[in-house]
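Heads up: the structure comes next, in structure tokens.
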Number of protein chains: 2
Amino acid sequence: MTKYAELILELINQSKDHMTAEQLFLELKKREPKVVLATVYNNLNTLCQEGFIRKMSIEGSSDRYDKIEKHDHLVCKKCGMLSDIRFEDLTKKLENQLGEDILSYDLKVFYLCPKCREENKRRHAPQTGLL
Amino acid sequence: MTKYAELILELINQSKDHMTAEQLFLELKKREPKVVLATVYNNLNTLCQEGFIRKMSIEGSSDRYDKIEKHDHLVCKKCGMLSDIRFEDLTKKLENQLGEDILSYDLKVFYLCPKCREENKRRHAPQTGLL
DNA sequence: CTTTAATTTTAGAATTATTCTAATTATAAT
DNA sequence: ATTATAATTAGAATAATTCTAAAATTAAAG
């Protein structure tokens with residue numbers, strides 16, 4: 001594994017976020033000022049092919065790169081906040097229903113995060129005339 | 001709903017495929033030779049916002065547009081073939097585990113389609129020396 | 001019906017994301 | 001050291017998508 005690939009992999013594995021190529025590039029640049037965006041793309045592609053990371057596409061924004069460790073994603077439909085979660089035994093359930101083996105799956109669950117839910121409540125609350 | 005929006009919506013709802021903006025544009029052009037790609041994009045965006053269709057992103061290819069009717073996707077990891085499937089009661093299962101309501105979810109299940117599985121078998125079969 | 005206003009469509013430029021190519025640099029092997 | 005191999009760079013090229021301003025269409029008001 002090459003120098004930059006290693007650093008990029010570290011960045012992805014250490015961060016809780018799901019970063020775009022651009023964001024990773026900016027991070028990496030702090031330590032390695034000479035690095036160039038194309039290099040980041042190159043390394044991301046090979047890291048993906050070799051199975052060290054996974055690429056995730058979210059509609060409306062550019063691709064993000066994520067650790068490989070199996071997990072699912074919880075997305076707030078309002079603010080877009082993205083967090084990791086693990087739904088247990090889903091593979092088995094899916095295989096049972098499908099009737100054959102699956103290789104993997106990609107699940108995004110959309111909900112309203114606590115913060116947005118609160119805001120919505122407030123906005124839609126019946127007006128008392130006292131506020 | 002405007003003329004083109006209507007036609008685009010029809011195309012999406014009638015087709016079994018999951019078409020890109022470009023493909024939809026080419027289809028639409030057969031009936032409406034004057035239409036232009038930007039118009040298709042415009043209409044796709046408003047149709048999405050209004051909830052008539054949904055946009056789906058598949059890594060490695062451009063966005064596709066899909067009917068809204070709830071269903072999941074089965075993707076062959078080898079040839080990329082995409083088909084619809086419905087996993088039953090998944091919403092409830094997810095809500096139970098999450099402990100709160102969800103709005104929707106997006107599930108892609110990766111497997112090897114029968115055709116690719118066959119091909120793989122053949123390729124990896126022990127050589128008898130008779131072929 | 002006309003005129004005006006509002007909306008939709010068009011054309012094409014602009015932007016963004018990503019890939020590709022060829023030259024350069026670095027690393028490893030002889 | 002010399003050669004071979006692989007990695008990195010710079011920047012052009014491509015692809016996908018959005019934006020902008022003008023033109024065309026539709027709807028509304030007189």
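Computed from heavy atoms alone, side chains included, the values below leave out hydrogens, waters and symmetry copies. Quick note on labels: first sequence line is chain A, next is B, and so on, each numbered from 1.
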Could you tell me the separation between the [atom1] atom of [X] and the [atom2] atom of [N], rounded to a whole number of Å?
{"X": "Asp63(A)", "N": "dT16(C)", "atom1": "CG", "atom2": "C1'", "value": "12 Å"}
{"X": "Met19(B)", "N": "dT17(D)", "atom1": "CE", "atom2": "C1'", "value": "19 Å"}
{"X": "Asn43(B)", "N": "dT17(D)", "atom1": "CG", "atom2": "P", "value": "15 Å"}
{"X": "Lys55(A)", "N": "dA17(C)", "atom1": "NZ", "atom2": "C1'", "value": "10 Å"}
{"X": "Phe25(B)", "N": "dA16(D)", "atom1": "CZ", "atom2": "C1'", "value": "14 Å"}
{"X": "Glu59(B)", "N": "dA16(D)", "atom1": "CD", "atom2": "C1'", "value": "16 Å"}
{"X": "Leu37(B)", "N": "dT18(D)", "atom1": "CG", "atom2": "C1'", "value": "11 Å"}
{"X": "Met1(B)", "N": "dT26(D)", "atom1": "CE", "atom2": "P", "value": "17 Å"}

What is the distance from atom CD1 of Ile12(B) to atom CG of Leu24(B), rounded to the nearest 0.5 Å?
5.0 Å
Roughly how far, to the nearest 0.5 Å, is the CE atom of Met56(A) from the NE2 atom of His73(A)?
4.0 Å
When Lys55(A) is tested against each of Asp106(A), Asp63(A), Asp66(A) for salt bridge (charged side-chain N to carboxylate O under 4.0 Å, His left out), which residue passes?
Asp63(A)
Taking Glu95(A) for the side chain and Ile102(A) for the main chain, is one N or O donor matched with an acceptor at less than 3.5 Å?
yes
With a 4.0 Å cutoff (strictly under), does any side-chain N or O of [X] reach OP1 or OP2 of [N]?
{"X": "Ser62(A)", "N": "dA17(C)", "answer": "yes"}
{"X": "Thr2(A)", "N": "dT8(D)", "answer": "yes"}
{"X": "Asn42(A)", "N": "dT18(C)", "answer": "no"}
{"X": "Tyr41(B)", "N": "dC19(D)", "answer": "no"}

Checking all strands, does Asn45(A) fall into the base, sugar-phosphate, or nothing category for heavy-atom contacts under 4.0 angstrom?
sugar-phosphate
Nearest heavy atom decides the nucleotide; on that basis, is Lys3(B) or Ala38(B) closer to the 5' end of DNA chain C?
Lys3(B)
Is any NZ, NE, NH1 or NH2 atom of the basic residue among Arg86(B) and Asp72(B) found under 4.0 Å from an Asp or Glu carboxylate oxygen of the other?
yes
Candidates dT9(C), dA11(C), dG11(D) - which lies nearest the side chain of Val36(B):
dA11(C)
